[in-house]
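To start, the structure itself, in structure tokens.
One is the number of the first residue; the rest follow in order along the sequence. This structure is a prediction, so every number in the text was calculated from the model and none was measured.
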Amino acid sequence: MQIYKNQIFRLLDGPSDSVALIRDDDKLVAYRLPKVSETCPLVVFSHQQLERPYGFGAMAPNWKLFGVPLIARIENLSSGSEIHYQFLKLLRPFLMPVEDVVNDYDGDETRNTVNENSKVEGIVSPLVSYCDAGPDNGEENDVHLNADFKFYLVDKPGSSEIKMNDPVPISSLTKNLDVTVHWSDKMIEKYDTCLLSSLPEVFKPQLFAKRHEESISLYKCLEGFLQEEPLGPDDMWYCPSCKKHQQAIKKLDLWRLPEILVIHLKRFSYSRFFKNKLETYVDFPIHDLNLSNYISHIDNQLSNCYQLYAVTNHYGGMGGGHYTAFIDHGHGRWYEFDDDRVFPISEDRIKSSAAYVLFYRRAREM
């Protein structure tokens, strides 16, 4: 499955799912579940912790997603106790060593019992659960932790808390159940939550190979755009003098240049039978795009050089994808905009095979 913003974004099921939709910095996770339990409801646990902004004018605290979702299949799911128990079972491998945890309870005996049970049972994988597990299998030691987790059904915000003895509103047609878990500060310290986020980044070496094998400069693209193009038999030009259709040549020229220059790279190729996303790496100038050799009318009072100040990127294929942007905030300070995430990046990351629209402004002559 593809993980995006700490939630399951897409299920990769079979060869029909294109990996082109996955960006290099996205996350992938594989969940292993017993086949015998495919008829059991699939419960997806997403994690949230309380975020407390600091500083003058900070907004009110809010619950923020973190970590990788955990999933389980639960047989005979009828009440909240099964959901509470299954979640605690999935968390056992993430328990911090006793000596590294501040004791927030009346004594150490209960804490040692919980950790010893985890060791004796061989540490159940957080990505594996079995339908024969239940809250009556001698796990009463974990029940007292339920007060430090609150469970909510995602599809019923505001009044969706799942209590221990309350029935869970599911039917025989329910296949997936999305549950959000609110973590208390005490549980954040008790479990190694860093492990919930430690997934390797997607790495597609074939894209880096294409960068060298299939690359072209922006100047070559301009030359191709401005070269003469013979029109075919289906595009004959009607001559008003001889009253006949004649084969013609089409030619585009740049007469003068604007203050803001937008270059739209042709990334999508269409033909009669095929549609394709072009992943060719275009090497475009960042500081010194000089168009003096490509314009028909020379104006010595205006500069023909341009400075890049923004790039729109497209990741994905013809069926869908994702857009991001690089913006120069001034003085070479570049930032990446990815939905609601904004963070600084180095200039050497600006050029990539995902570049789709280039934004230039005219450079002022010194």
Side-chain angles (χ1 to χ4, degrees), residues 2-6 9 18-28 197-225 257-269 276-294 303-317 320-366:
Q2 182 179 355
I3 304 298
Y4 178 66
K5 288 189 175 182
N6 306 105
F9 176 70
S18 174
V19 296
L21 294 177
I22 305 172
R23 296 173 299 165
D24 292 345
D25 56 353
D26 279 348
K27 308 290 185 181
L28 292 182
S197 303
S198 58
L199 284 179
E201 293 185 355
V202 176
F203 179 74
K204 295 179 287 184
Q206 67 274 16
L207 294 184
F208 291 88
K210 287 182 179 181
R211 174 170 180 165
H212 300 285
E213 297 175 1
E214 302 177 13
S215 63
I216 188 173
S217 71
L218 183 60
Y219 292 114
K220 287 293 183 181
C221 294
L222 286 170
E223 292 172 4
F225 179 72
L257 299 173
E259 288 296 315
I260 300 297
L261 177 65
V262 180
I263 299 179
H264 188 179
L265 301 178
K266 184 180 179 181
R267 287 289 182 193
F268 298 95
S269 174
N276 188 34
K277 167 73 181 296
L278 303 177
E279 299 283 356
T280 304
Y281 174 79
V282 178
D283 187 7
F284 52 89
I286 296 178
H287 300 288
D288 53 356
L289 175 63
N290 192 337
L291 300 181
S292 300
N293 296 329
Y294 302 94
S303 172
N304 298 322
C305 294
Y306 284 81
Q307 177 90 12
L308 184 74
Y309 71 89
V311 179
T312 298
N313 302 299
H314 179 270
Y315 301 89
H322 184 71
Y323 289 92
T324 66
F326 298 146
I327 306 293
D328 182 7
H329 196 260
H331 305 288
R333 296 175 300 169
W334 285 89
Y335 290 84
E336 180 172 359
F337 291 75
D338 186 355
D339 289 342
D340 60 349
R341 298 181 298 168
V342 180
F343 45 89
I345 61 170
S346 59
E347 191 176 279
D348 57 7
R349 287 191 53 198
I350 303 302
K351 299 181 183 182
S352 74
S353 59
Y356 188 31
V357 184
L358 309 176
F359 297 85
Y360 287 91
R361 64 166 56 94
R362 191 193 299 272
R364 302 301 178 184
E365 292 186 352
M366 302 300 292

* Asked: Phe268 and His314: which non-hydrogen atoms are nearest, and at how many Å?
  -> CZ-CE1, 3.7 Å
* Please say whether more than 12 non-hydrogen atoms of neighbouring residues, nucleotides or ligands are located less than 6.0 Å from OH in Tyr335. => yes
* Can you name the nearest heavy-atom pair linking Phe284 to Ile350, along with the distance? -> CZ-O, 3.9 Å
* Asked: Should Tyr219 and Asn290 be marked as a side chain to side chain contact (heavy atoms under 4.5 Å, CB included) after you check the CA-CA gap, both sets of side-chain angles, and the distance that decides it?
  -> CA-CA 9 Å; Tyr219 292 114; Asn290 192 337; 4.2 Å; yes
* Report the residues that fulfil side chain to side chain donor-acceptor pair (under 3.5 Å) with Asn293, sequence neighbours left out, ordered by chain and then residue number. => none
* Working for side chain to side chain contact (heavy atoms under 4.5 Å, CB included), residues Thr280 and Arg267 -> CA-CA 8 Å; Thr280 304; Arg267 287 289 182 193; 4.3 Å; yes
* Asked: With distance as the sole criterion, is a donor-acceptor pair present between the side chains of Asp338 and Thr324 under 3.5 Å?
  -> no
* Carefully, step by step, assess Leu289 and Leu308 under the rule side chain to side chain contact (heavy atoms under 4.5 Å, CB included). => CA-CA 8 Å; Leu289 175 63; Leu308 184 74; over 6 Å; no
* Asked: Partners of Asp283 by side-chain contact (heavy atoms from CB on, under 4.5 Å), sequence neighbours excluded?
  -> Tyr281, Lys351
* **Asn313 vs Glu336, side chain to side chain contact (heavy atoms under 4.5 Å, CB included): CA-CA, chis, key distance, verdict** => CA-CA 10 Å; Asn313 302 299; Glu336 180 172 359; 5.8 Å; no
* Rounded to the nearest 0.5 Å, how far apart are CG of Leu261 and CZ of Arg361? -> 12.0 Å
* **N/O donor-acceptor pair under 3.5 Å between Ser292 side chain and Asn304 backbone** => no
* With sequence neighbours excluded, what pairs up with Tyr356 under the side chain to side chain donor-acceptor pair (under 3.5 Å) test? -> His264
* Distance from Ile263 atom CD1 to Tyr360 atom OH, nearest 0.5 Å? -> 5.5 Å
* For residues Ser353 and Glu279, report the shortest heavy-atom separation together with the two atoms involved. => CB-O, 3.4 Å
* Structure fact -> Quick note, salt bridge (charged side-chain N to carboxylate O under 4.0 Å, His left out) partners involving residues 324-334, not counting sequence neighbours, are none
* 4.5 Å side-chain heavy-atom contact, Thr312 and Phe359 -> yes
* **Distance, nearest 0.5 Å, that separates CZ of Phe337 from CZ of Phe343** => 10.0 Å
* Mind checking what makes side chain to side chain donor-acceptor pair (under 3.5 Å) contact with Asp340, not counting sequence neighbours? -> Lys5
* Asked: Is there a side-chain contact between Leu358 and Val282, using heavy atoms and a 4.5 Å cut-off?
  -> no
* Asked: Atom CH2 of Trp334 and atom CD1 of Ile286: how far apart are they, to the nearest 0.5 Å?
  -> 6.5 Å
* Residues in side-chain contact (heavy atoms from CB on, under 4.5 Å) with Leu278, at least two apart? -> Ser269, Asn276
* Report the distance from atom NE2 of His322 to atom OH of Tyr315, rounding to the nearest 0.5 Å. => 8.5 Å
